[in-house]
Amino acid sequence: DPNMKGAAANEGVLANFFNSLLSKKTGTPG
Amino acid sequence: MNPLESVDRVELCESLLTWIQTFGVEAPCKTVEDLTSGVVMAQVLQKIDPSYFDDNWINRIKTEVGDNWRLKISNLKKILKGILDYNHEVLGQQINDFTLPDVNLIGEHSDASELGRMLQLILGCAVNCEQKQEYIKTIMMMEESVQHVVMTAIQELMSKETP
């Protein structure tokens, strides 16, 4: 089902983005 | 290309209104009008960083503004300044080339598009602060369509940030 594939891809994009944000260092020193 | 050119600013506001509700602040925050006094935004900022947006800061925000748009605008100006100072002083970054929200339009006309810009700046504080993990994980639990708008809003902000 192409719709399901599209939804899964979208989910992957979101998860990748927010996970990379989680691992990004904050501006605080140290 | 501006990533938000393809996204409706009003849609951004609606999604960020949903996000703001996850903070569970005392003041009502269901509609655009609920947010135009600035009280909800101030309470959210205090949750994001209680040591910076402390009681001394929040006490300068008037809670009983009613329909008085001058008082609303006065609150909104203090909040916008607080957000910009926080970015500079705590997060160590400047937001360049980002059209700042017109607080007059928010206070006087409950402009959803401008409110969306203001909420976008608060989103930027949440996903960059010390407790960002908590806020990012909350976003990841939200409906996919909301997550998508939030992601685009963050991407736009990130493209305007300079250390």
Side-chain angles (χ1 to χ4, degrees), chain A, chain B residues 3-4 6-7 15-16 18-19 22 48-49 51-52 83-96 120-121 123-163:
Chain A
D1 182 345
N3 284 340
M4 280 182 72
K5 278 186 188 168
N10 190 35
E11 206 174 307
V13 169
L14 291 169
N16 279 344
F17 175 76
F18 287 112
N19 281 322
S20 71
L21 209 57
L22 278 171
S23 57
K24 194 179 141 205
K25 293 234 180 232
T26 51
T28 47
Chain B
L4 272 181
S6 56
V7 172
S15 295
L16 294 185
T18 306
W19 168 68
T22 64
I48 289 172
D49 194 333
S51 61
Y52 189 86
I83 294 169
L84 297 176
D85 288 349
Y86 183 73
N87 268 278
H88 183 55
E89 294 168 20
V90 180
L91 303 179
Q93 62 194 19
Q94 304 255 36
I95 302 164
N96 300 314
Q120 191 177 359
L121 290 174
L123 173 67
C125 296
V127 299
N128 283 295
C129 74
E130 285 265 322
Q131 310 301 324
K132 68 174 188 174
Q133 294 217 340
E134 178 187 340
Y135 302 120
I136 294 170
K137 282 177 182 167
T138 302
I139 293 167
M140 292 172 86
M141 306 279 287
M142 296 182 78
E143 199 182 305
E144 221 170 87
S145 60
V146 176
Q147 280 190 54
H148 205 273
V149 177
V150 169
M151 178 181 78
T152 313
I154 296 170
Q155 282 174 330
E156 188 199 30
L157 274 179
M158 284 166 73
S159 71
K160 315 275 181 187
E161 287 165 1
T162 51

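Side chains are part of it too, since the values below use all heavy atoms of this structure and drop only hydrogens, waters and symmetry mates. Order of the sequence lines sets the chain letters (A, B, ...), proteins ahead of strands, with each chain counted from 1.
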field: Residue of the set B/Met140, B/Glu144, B/Met142 for which side chain to side chain contact (heavy atoms under 4.5 Å, CB included) holds with A/Leu14
entry: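 Between A/Leu14 and the candidates, side chain to side chain contact (heavy atoms under 4.5 Å, CB included) is satisfied uniquely by B/Glu144.
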message: A/Lys24 and side chain to side chain contact (heavy atoms under 4.5 Å, CB included): which single residue from B/Ile136, B/Asn128, B/Val127 fits?
response: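 Output: one option passes, namely B/Asn128.
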query: Does any non-hydrogen side-chain atom of B/Gln155 lie less than 4.5 Å from one of A/Phe17?
result: yes
query: Do you know the tightest heavy-atom contact between A/Leu21 and B/Lys132?
result: O-NZ, 3.0 Å
message: Taking side-chain hydrogen bond (donor to acceptor under 3.5 Å, both in side chains) as the definition, give me every residue that meets it alongside B/Thr22, ordered by chain and number, with sequence neighbours left out.
response: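 In terms of side-chain hydrogen bond (donor to acceptor under 3.5 Å, both in side chains), with neighbours along the sequence ignored, B/Thr22 is linked to no residue.
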statement: The side-chain hydrogen bond (donor to acceptor under 3.5 Å, both in side chains) partners of A/Asn19 (sequence neighbours excluded) come to none
task: Counting only heavy atoms closer than 4.5 Å, note whether B/Met151 contacts chain A via side chain, backbone, both or neither.
output: both
Part of B/Gln147 lying under 4.5 Å from any heavy atom of chain A: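 Both the backbone and the side chain of B/Gln147 come within 4.5 Å of chain A.
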